[in-house]
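Worth saying up front: this structure is predicted, and the values here are computed from it rather than measured. Just the heavy atoms: all of them, side chains too, but no hydrogens, waters or symmetry mates, feed the values below. Throughout, protein chains are lettered first and strands after them, A, B, ... in sequence-line order, and every chain is numbered starting at 1.
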Amino acid sequence: MIKAVRGTRDLLPPETALWNHVESVVRDVFRAYNFQEIRTPIFEETQLFARGVGEETDIVAKEMYTWEDRGRAASDHGQSLTLRPENTAGVVRAYIEHKLGDRGLNKLYYIGPQFRRERPQKGRYRQFYQIGAEVIGPATSGSESPARDAELLEMLATLLDRLGIQNWNLQLNSVGSSSDRVRFNDALREALEPVKDKMCGDCQRRAVTNPLRVLDCKVPEDQPTIETLPRVYDYLDEASKKHFEEVTTILESVGVPFEINHRLVRGLDYYTRTAFEFTHGALGAQNAILGGGRYDGLAELLGSPQPAPGIGFAIGEDRLVMALQEAAGDLQLKPDVYIAPLGAGMNREAAKLARELRRANIVAELGDETFRLKKSFETADKIGARFILIVGENEVKADTFALKNLKSGEQVSVPRAELGQRIHL
RNA sequence: GUGGGAGUAGCUCAAUCGGCAGAGCACCGGACUGUGGCUCCGGACGUUGCGGGUUCAAUUCCCGUCUCCCACCCCA
């Protein structure tokens, strides 16, 4: 038997109804904030992620699905391509390629699959779905403003509330501008030098490769040491400090609860200044339901002639759906009516009725004339239809049909022209 | 990539010391020829994840492998 490959899965009904519900609420909420959808390719040139996400990140170093193109054209041949491991780089590439900066401030969102070759785990798959949004534009369009950070965070709080996610928790930090980061990294390395030997193996490695990640360490024995390390906040320049304070001030005034976490760092190289994560319990170890931050230098890094500060986030849709399954029962999609043709030649009559009703926006399931009436009733009951409509010779002659409410048991004779109205009630 | 647990019918799970692979639910048919849910009767259902080894005999013991789950790592 051929099975779905490791880390991928089929989403089946009725669960897909929940996914559709989530996506529909998402589109609705994003619309209120004037975001519009962008769709970028599933694969891109490998270079885009190497430069955008960062060569040193785990994602680029060991988790990407990369292959060499075998296109016929010489220009295709040998080109290194990669399934997108995240969507921000693609959006920024599109922003540059189509000169979207000329439109002013862009508020874009996407929903789609991403790919990383990780060991599968609860809430972690090799093909997973992200819902993300990006606010990006020339600095003159206000893209750098803390008002945009706060707006984005407030939108996320509204979205989670609207979906009925209970007990989410917003963690906020500033990781500084790129120059702040350089100074902070140096300070961290220096502070780690004398103490790293007594830390865990992972931290000893991080101290060299990515000192910021030491702050994220969960090993209990390392916590006292980590407490003595410098804080990012103290290495922010005046502009970054002011920016961060304005974000928190707006959040307070609009009433979005948050927690400042000086240790919050992000795993992608492009993040600057505001960094955040929404967490949720009962998701296992993968408790981050969404994460994001500002990326003021990314566009230039990817070759934009003009600076284009931006901020964005990505929601783990798989995790979001998982969090909703804990609380909500499954919403099952049920038809309004089951049409039961009864006897030879009735399929054609039933088909005509089904067409009429469906065009009147009624959800109809169609039976088969070879079924005995009892079987039709059982099927109608099983799929949860509200009504069963019997299409037999008598009914067709009279152009009046037996319509039974399966819940109440009430059965009435309804003229053809009134069926739609009767079922809509 | 590392560590731990688990794989038996569509689903949830049994199977004594190594001795004919089972139950409930679900499914199909009948009782019941134009009226469902209840009941009764019957039916179908398996490469015991896969491959190898030991044995007269393997779901059971051994080795390998794959997948899933949990955790680390990392991230969403």
Between A/Asn87 and A/Thr40, is any side-chain donor less than 3.5 angstrom from a side-chain acceptor? yes

How far, in whole Å, is B/C72 from B/U65 if one measures between their C1' atoms? 24 Å

Would you say the side chains of A/Trp19 and A/Glu23 form a donor-acceptor pair under 3.5 Å? no

For A/Ile390, report the nucleic acid contact type (base, sugar-phosphate, nothing); a contact means any heavy atom under 4.0 Å. base

Reckon A/Glu118 touches a base, only the sugar-phosphate, or nothing at all at heavy-atom distances under 4.0 Å? base

Think A/Gln411 has a side-chain N or O under 4.0 angstrom from the OP1 or OP2 of B/U35? no

Rounded to whole angstrom, note down the P distance from B/U67 over to B/C73. 23 Å

Once you apply a heavy-atom cut-off of 4.0 Å, does A/Gly7 come out as touching a base, just sugar-phosphate, or nothing? sugar-phosphate

For A/Arg206, which contact category applies under a 4.0 Å heavy-atom criterion: base, sugar-phosphate, or nothing? sugar-phosphate

Tell me whether the guanidinium CZ or amine NZ of A/Arg183 lies under 6.0 angstrom from the six-membered ring centre of A/Tyr235 and within 45° of its axis. no

Runs of at least three consecutive pairs that involve RNA chain B, where pairs are Watson-Crick or G-U with distances under 3.5 Å: B:1-7 with B:66-72, B:10-13 with B:22-25, B:27-31 with B:39-43, B:49-53 with B:61-65

Just N and O in the side chain of A/Lys122: are any of them under 4.0 Å from OP1 or OP2 of B/C70? yes

Using the P atoms only, state how far B/A26 lies from B/C41, rounded to an integer number of Å. 15 Å

Answer with base, sugar-phosphate or nothing: what part of the nucleic acid does A/Asp216 contact at a heavy-atom distance below 4.0 Å? nothing

May I ask you to say what A/Gly343 touches in the nucleic acid, namely base, sugar-phosphate or nothing, with a heavy-atom cut-off under 4.0 Å? nothing

Between B/C32 and B/C38 - C1' atom distance, rounded Å: 14 Å

B/C73 base to A/Arg124 side chain: any donor-acceptor pair below 3.5 Å? yes

Side-chain donor-acceptor contact under 3.5 Å, A/Tyr270 with A/Glu86: yes

Is the phosphate of B/A31, meaning OP1 or OP2, less than 4.0 Å from a side-chain N or O of A/Arg372? yes

Examine the side chains of A/Arg116 and A/Tyr65 and answer whether a donor and an acceptor come within less than 3.5 Å of each other. no

